[in-house]
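Quick caveat, the model's predicted, so the values are computed rather than measured. So that the names make sense, note that chain A is the first sequence line, chain B the second, and so on, each numbered from 1. Any value given below was found using the heavy atoms of this structure, including those in side chains, with hydrogens, waters and symmetry copies removed.
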Number of protein chains: 2
Amino acid sequence: MSRPKTRIQQKNSQAILEAALDVFSAQGFRGATLDQIAEVAGLSKPNLLYYFPSKEAIHETLLKRLLDTWLDPLREMKADGDPIAEIMTYMRKKLELSQHYPRESRLFANEILQGAPRIRFAIEGELKDLVAEKSKILVAWMEAGRIARMDPVHLIFSIWALTQHYADFDMQVRAVLGEGHDPFAEAGGFLDMLYQKLLAP
Amino acid sequence: MSRPKTRIQQKNSQAILEAALDVFSAQGFRGATLDQIAEVAGLSKPNLLYYFPSKEAIHETLLKRLLDTWLDPLREMKADGDPIAEIMTYMRKKLELSQHYPRESRLFANEILQGAPRIRFAIEGELKDLVAEKSKILVAWMEAGRIARMDPVHLIFSIWALTQHYADFDMQVRAVLGEGHDPFAEAGGFLDMLYQKLLAP
DNA sequence: TGATGTTTTGACCAAGTGGTCAGATGTTGC
DNA sequence: GCAACATCTGACCACTTGGTCAAAACATCA
């Protein structure tokens with residue numbers, strides 16, 4: 001069922017993944033139940049299992065799709081651009097992911113929190129390699145005196161931490177800010193300012 | 001059973017909470033089972049329920065204890081200290097909590113991720129009030145020109161995000177850094193530098 | 001020692017879980 | 001219209017889950 005052929009397969013697989021994203025991101029893998037997913041998707045439980053062989057398989061499909069989306073912004077950071085603009089753009093794109101795909105962010109957070117049992121391989125491979133590659137670019141920029149010197153990997157961690165916080169801890173952010181705030185707009189301004197200061201050579 | 005009297009009650013309640021912290025922080029509330037907790041605690045399941053009336057009750061006890069520890073460092077930020085030193089100390093203490101109490105950090109993260117169903121009241125009350133109070137101090141420091149001007153609440157969010165990241169995403173941090181790194185030592189240096197630059201008037 | 005209270009446990013339960021399956025119902029192309 | 005296939009479902013299953021309970025084992029102290 002990995003490559004839906006008919007219109008109806010397309011539609012139902014999609015609905016299941018959409019529903020599963022809702023449920024998994026809110027409850028974690030073990031906390032989510034097939035009954036919940038089925039209900040949200042508007043299908044019967046046996047029907048879910050007609051499209052996916054198991055709960056595991058749904059989760060896995062979701063994580064696989066997620067990872068690419070998640071890494072894309074970092075992939076786009078290019079050595080030949082303006083250093084500060086490139087980093088700023090990366091940070092902004094990550095913040096937009098947090099804003100527009102908070103369920104994906106939480107799904108990912110849940111997975112890492114629990115020791116990444118299902119995507120450890122990707123973290124230790126793809127992600128690690130990508131960070132190593134981009135770190136080289138950052139170091140080159142530092143050595144050329146175009147941004148301030150610092151640990152490049154922790155610089156990347158800081159972007160992840162600061163942007164994902166607004167998706168993963170959304171509930172807390174909104175509760176603490178109270179009414180009449182636009183968390184993501186404010187975060188955008190704050191993080192722009194922060195990285196301007198941090199990166200200035 | 002909230003106030004253990006005998007030696008044995010003291011010891012077993014403690015063992016249960018310790019085991020529950022292990023399991024809840026790693027699996028989330030729904031993902032954790034009483035059998036797992038009982039096994040880690042070295043007790044039988046019915047014996048667990050002799051000390052605590054329900055799974056809920058164990059979780060609740062854990063969260064209640066956690067909250068105070070968690071807020072203490074912020075409470076200690078005093079208006080009459082040196083602004084930069086006070087904020088730096090707060091950041092350092094939060095980082096130390098991440099380092100020495102990662103399970104507590106993850107327990108908290110799990111709870112917030114899932115919409116804080118069990119501590120919403122504390123987030124909207126105690127925590128919100130404390131942040132409001134400390135924000136006033138930060139703003140006063142900004143107006144006195146002793147630290148740079150910025151949104152004080154997002155400044156606090158940034159400290160939470162950057163320090164908790166090293167506990168909650170520990171697996172990712174270690175995987176990406178690879179062998180031969182001391183994540184928390186490096187984070188300490190990086191965050192010192194970051195906040196020096198950010199706060200300088 | 002025995003009487004009294006505390007702690008522990010095996011056996012049990014009802015509800016919920018992921019998953020199966022035979023067959024019913026739709027859909028499609030001839 | 002009908003054969004062939006895709007889709008869907010109710011009934012069911014084995015297992016796990018949180019929780020109960022009566023009785024057993026243990027501790028304490030007169």
Selected nucleotide, minimal atom distance to A/Pro46 side chain, candidates D/dT20, C/dT20, D/dC8: C/dT20
Side-chain N or O of A/Gln9 closer than 4.0 Å to phosphate OP1/OP2 of D/dT7: yes
A/Ser158-A/Tyr195 side chain donor-acceptor pair, cut-off 3.5 Å: yes
Earlier contact from the 5' end, DNA chain C, for A/Glu56 and B/Leu48: B/Leu48
Nearest-neighbour nucleotide for the A/Leu49 side chain, D/dG10, C/dG19, D/dT7 considered: C/dG19
Nearest-angstrom distance from the residue atom CZ of B/Phe29 to P of D/dT17: 14 Å
Touch class at under 4.0 angstrom, heavy-atom based, for B/Ala32 against every strand present: sugar-phosphate
Within 6.0 Å of CD in B/Glu56, more than 12 heavy atoms from elsewhere: yes
Lys/Arg N to Asp/Glu carboxylate O, B/Arg75 vs B/Glu133, below 4.0 Å: no
Nucleotide C/dG18, atom C1' - distance to CD of A/Glu39 in whole Å: 17 Å
Whole angstrom value for the distance that separates P of C/dG19 from CG of A/Leu34: 6 Å
Whole-Å distance separating the CG atom of B/Leu43 from the P atom of C/dT8: 7 Å
Under 4.0 angstrom between B/Arg30 side-chain N/O and C/dG16 OP1 or OP2: no
Atom pair distance, as rounded to whole Å: NZ in A/Lys11 and C1' in D/dA6: 14 Å
Centroid separation B/Phe184 to B/His100 less than 6.0 Å: no
Closest-nucleotide ordering on DNA chain D, the 5'-leading residue of B/Lys45 and A/Asn12: A/Asn12
Side-chain N or O of A/Ser44 closer than 4.0 Å to phosphate OP1/OP2 of D/dT9: yes
Atom-pair distance (CZ on A/Phe52; C1' on C/dT20), nearest Å: 19 Å
Short side-chain N/O contact to C/dT7 OP1/OP2 from B/Asn47, under 4.0 Å: no
Closest nucleotide among D/dT17, C/dT7, D/dT7 to the B/Tyr50 side chain: C/dT7
Length of the line joining B/Asp35:CG and C/dT9:C1', which is rounded to integer Å: 14 Å
Salt bridge (charged side-chain N to carboxylate O under 4.0 Å, His left out) assessment of A/Arg65 paired with A/Glu104: CA-CA 10 Å; A/Arg65 292 200 182 181; A/Glu104 281 82 349; over 6 Å; no
Value in whole Å for how far the P atom of D/dT17 lies from CD of B/Gln27: 10 Å
Closest nucleotide among C/dG19, C/dT7, D/dT9 to the A/Ser54 side chain: C/dG19
